[in-house]
Amino acid sequence: MEILQVVGLGLITTILILVVKEQKPIFAFLLATFVGITIFLSLAGKIADVIRILENLATQAHVNNLFLETILKIIGIAYIAEFGAQVTRDAGQGSIASKIELAGKVLIMVMAIPIITVIIETIVSILPA
């Protein structure tokens with residue numbers, strides 16, 4: 001049922017933006033950004049629930065917390081970069097949006113290096129010398 005609220009808010013906002021955009025484009029942009037942030041924040045509780053479940057599963061599976069934290073940070077970077085790029089694109093700044101996406105990808109690659117290193121070390125240790 002929460003998706004109906006999100007979609008309803010999105011549709012109402014879209015209609016308002018279409019009405020306001022002709023007279024005051026800056027207000028239309030601010031309205032879109034505000035509603036986007038509101039939707040994102042309304043999902044924060046759900047995201048926290050998912051993180052708690054993943055932490056419990058990782059503890060039960062005896063997975064190193066460093067790996068889980070890194071993966072969660074990578075997912076966070078991806079979502080935040082995507083959100084920032086969309087808002088920037090909505091403002092008509094596609095080139096800046098592309099730079100935000102590039103920065104997100106580079107940061108994800110940097111964050112993934114410890115995990116990639118462990119995977120490679122594990123594979124090398126399994127292989128006969």
Side-chain angles (χ1 to χ4, degrees):
M1 292 311 261
E2 293 175 39
I3 190 65
L4 293 176
Q5 292 172 337
V6 171
V7 171
L9 179 61
L11 290 174
I12 290 168
T13 303
T14 301
I15 293 167
L16 287 173
I17 288 171
L18 291 173
V19 170
V20 173
K21 192 172 191 173
E22 294 298 320
Q23 301 298 318
K24 301 284 184 178
I26 188 69
F27 289 136
F29 169 73
L30 291 173
L31 181 60
T33 302
F34 175 76
V35 170
I37 291 170
T38 301
I39 290 170
F40 184 75
L41 292 176
S42 72
L43 298 174
K46 301 293 181 192
I47 294 169
D49 292 341
V50 170
I51 291 171
R52 274 193 295 278
I53 290 169
L54 290 174
E55 286 174 343
N56 288 338
L57 290 172
T59 301
Q60 291 173 1
H62 304 292
V63 173
N64 188 338
N65 276 344
L66 175 68
F67 297 135
L68 180 63
E69 288 176 16
T70 302
I71 290 170
L72 291 174
K73 286 178 184 177
I74 287 171
I75 293 169
I77 290 169
Y79 281 132
I80 292 168
E82 177 67 20
F83 182 77
Q86 287 176 2
V87 169
T88 307
R89 230 178 241 106
D90 287 346
Q93 299 299 317
S95 63
I96 294 174
S98 297
K99 302 323 182 265
I100 290 172
E101 290 171 341
L102 176 64
K105 291 172 185 175
V106 169
L107 290 172
I108 286 170
M109 186 172 54
V110 169
M111 295 288 300
I113 287 178
I115 294 174
I116 294 169
T117 303
V118 169
I119 291 170
I120 292 172
E121 287 173 353
T122 303
I123 290 171
V124 168
S125 70
I126 293 173
L127 295 174

Holding to side chain to side chain contact (heavy atoms under 4.5 Å, CB included), I want the full list of residues that pass it with Thr33, two or more places apart in sequence or in another chain. Phe29, Ile37, Val87
Pairs meeting criterion side-chain hydrogen bond (donor to acceptor under 3.5 Å, both in side chains) with involvement of residues 62-87, two or more places apart: Glu82-Gln86
To the nearest 0.5 Å, what is the distance between CG (Leu66) and CD1 (Ile71)? 9.5 Å
Ile77 and Ile108: which non-hydrogen atoms are nearest, and at how many Å? CG2-CG1, 3.7 Å
If you group Ile, Leu, Val, Met, Phe, Trp and Tyr by side-chain heavy-atom gaps below 4.5 Å, do Phe40 and Phe34 land in one group? no
Distance, nearest 0.5 Å, that separates CD1 of Ile12 from CD1 of Ile17: 12.0 Å
Counterpart residues, salt bridge (Lys or Arg N to Asp or Glu O under 4.0 Å), relative to Glu121 (two or more places apart): none
Interatomic distance, Met111 atom CE to Ile116 atom CD1 [nearest 0.5 angstrom]: 12.0 Å
Mind checking the NZ-OG1 spacing from Lys21 to Thr14? Nearest 0.5 Å is all I need. 10.5 Å
Determine, for Lys46 against Asp49, whether the closest basic-nitrogen to carboxylate-oxygen distance falls under 4.0 angstrom. no
The reported gap from CD1 in Ile100 to CZ in Arg89 (rounded to nearest 0.5 angstrom) is 8.5 Å
What distance do Thr88 atom OG1 and Phe83 atom CZ have between them, rounded to the nearest 0.5 Å? 9.5 Å
How close do Ala81 and Gly104 get, counting heavy atoms only, and between which atoms? CB-CA, 4.0 Å
